[in-house]
2 protein chains.
Amino acid sequence: MTESVASRRIAGILREEILAGKLTPGTRLHQDEIAARLGSSRLPVREALRILENDGLAKTTPNRGARVPALTLEDVNVYYRMRERLEPLTLAESLPHLTDEQVEAMQRIQEEIESQDDVNRFLVLDREFHLTSYAGCPSEHLLDTTVRLWNATQHYRRAFMQLDGGNRAAIVNAEHRLLLDAVRRRDAEDAERYLTGHIRRTRVELTRHPELFERD
Amino acid sequence: MTESVASRRIAGILREEILAGKLTPGTRLHQDEIAARLGSSRLPVREALRILENDGLAKTTPNRGARVPALTLEDVNVYYRMRERLEPLTLAESLPHLTDEQVEAMQRIQEEIESQDDVNRFLVLDREFHLTSYAGCPSEHLLDTTVRLWNATQHYRRAFMQLDGGNRAAIVNAEHRLLLDAVRRRDAEDAERYLTGHIRRTRVELTRHPELFERD
DNA sequence: TCGCACACAAATGGATCCATTCTCAAGATG
DNA sequence: CATCTTGAGAATGGATCCATTTGTGTGCGA
């Protein structure tokens with residue numbers, strides 16, 4: 001068993017299911033059902049739900065159980081503006097510690113992004129591209145916070161891409177190319193600028209589609 | 001009973017004790033001892049520790065229990081730089097929704113800050129001053145993240161103030177006055193600038209005292 | 001026919017008990 | 001004499017059982 005503690009194992013499984021889109025916002029997370037499905041008692045499930053709550057992937061109400069949070073347009077807008085401010089810091093912290101191998105990995109990921117057009121594959125690769133650029137960040141807490149923001153908004157990125165994903169590939173690729181070049185040069189100032197613009201443009205486009213979100 | 005759920009009640013009590021300095025970084029959090037002290041079984045204590053972990057006020061290692069995290073100078077430095085980027089956003093979001101009564105409350109708090117010189121009282125009032133300025137923030141998540149950053153660094157602010165708190169009161173008061181004036185004018189640009197400077201100056205001074213932190 | 005109330009069912013919260021893992025110290029062995 | 005091993009004690013992790021709360025459905029009354 002790779003993960004010795006059941007609660008972390010269960011949290012990991014549920015996290016993957018939520019990020020993969022199998023559990024969508026609004027879905028009720030029944031303790032009994034999850035415990036039976038994953039072969040444990042309800043106790044580690046309860047702890048797993050707390051862990052997911054920390055990740056922003058579950059929201060529990062006392063005596064009323066847990067759900068995958070359904071965000072409003074305003075919620076997602078704020079998440080993205082937090083990302084615009086925080087992720088450039090994460091990247092700047094990471095840059096000096098990034099190895100040449102990691103930069104080459106980003107290069108290969110970007111090439112694969114440009115050579116295919118499956119939406120779900122893009123989501124995986126895009127996440128990998130950016131998280132690789134943060135891999136050198138020496139602050140565990142900053143990195144965790146960054147990943148949390150990615151996770152909490154993952155569903156809405158997917159919904160947006162499935163809406164009209166293809167026609168913006170050229171813009172994304174140009175942004176990634178500029179970002180990658182700045183990273184390769186270890187130029188934090190340029191990298192921060194391109195990253196901020198990348199996140200901001202995505203936010204603006206994403207919030208043009210109110211139909212993707214909960215009503216207030 | 002004001003708090004119907006035991007785990008939240010216990011988490012609240014422990015949070016207060018940590019913020020008040022009764023439980024210092026490095027302190028081991030024994031499930032049995034806490035359960036006995038607060039009159040419950042170990043189960044809600046375990047959930048409370050998870051809740052505190054989300055707040056950055058506890059860190060649990062599988063099979064080895066929980067401790068109040070002891071931060072290094074680099075950790076606190078990063079926390080503060082996250083604050084420099086995030087809190088101006090929180091304040092800008094809050095500003096349009098702040099009531100005149102809340103601005104007056106900030107005024108009264110600042111006056112009390114200037115009229116006394118007890119370190120612990122200052123810590124409480126300073127926290128109240130800033131959190132009041134964020135009270136209008138419509139995004140629960142952004143506000144929670146902000147409070148988390150405050151909580152996680154609270155101990156080191158106290159240690160710093162107890163070191164040589166008094167002689168910097170004039171600077172803090174000037175910064176607060178400028179911030180309060182910008183808030184009263186609902187001037188987000190000025191408010192963000194003064195707030196960023198306030199946090200940054202505190203970080204620079206704080207990190208001049210490596211003796212306050214864990215060695216790496 | 002509509003509305004309120006009571007009751008039953010289902011899900012979560014908490015307590016107790018058992019299993020597992022880690023720590024630490026004492027003793028044996030090279 | 002140092003180091004590795006082993007075992008006892010203690011603390012955490014997990015399972016089962018019971019209590020409490022919530023939500024829903026049915027039946028009675030107006």
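Chain A is the first sequence line, chain B the second, and so forth, proteins listed ahead of strands; every chain is numbered from 1.
With salt bridges taken as basic N to acidic carboxylate O contacts below 4.0 Å, one links Arg85(B) and Glu192(A). Between Arg50(A) and Glu53(A) a salt bridge is recorded (basic side-chain N to carboxylate O distance below 4.0 Å).
If you take CD of Glu47(B) and C1' of dT12(D), they are 15 Å apart, rounded to a whole angstrom. In this entry the distance linking CZ of Arg8(B) with C1' of dT21(D) reads 15 Å, nearest Å. Remark: P of dT12(D) and CD of Glu53(B) are 14 Å apart, rounded to the nearest angstrom. In this structure, Gln31(A) places its CD atom 15 Å from P of dG14(D), rounding to the nearest Å. Summarising the geometry, the separation between CG on Leu43(B) and C1' on dC17(C) is reported as 13 Å, rounded to the nearest angstrom. In this structure, CG of Asn63(A) is placed 5 Å from C1' of dT21(D), rounded to the nearest angstrom. Atom CZ in Arg9(A) sits about 12 Å away from atom C1' in dG14(D), given to the nearest Å. Between Arg42(B) atom CZ and dA10(D) atom C1' the separation is 11 Å, expressed in whole Å.
On a pure distance criterion of 3.5 Å, a polar donor-acceptor pair joins the side chain of Arg46(A) and the base of dG14(C).
Considering only the side chain of Arg64(B), dC22(C) comes nearest among dG13(D), dT12(C), dC22(C). The side chain of Val5(B) sits closest to dG13(C) out of dG13(C), dA15(D), dG14(D).
The aromatic rings of His198(B) and His130(B) sit parallel to each other, their planes meeting at less than 30°, with 60° as the upper class boundary.
Few gaps surround CZ on Arg186(B); more than 12 heavy atoms of other groups in view lie less than 6.0 Å from it.
Each of Asp32(A) and Ser41(B) has a nearest nucleotide on DNA chain C; the 5'-most of these lies closest to Asp32(A).
Note on Leu49(B): nothing from the nucleic acid sits closer than 4.0 angstrom, heavy atoms only.
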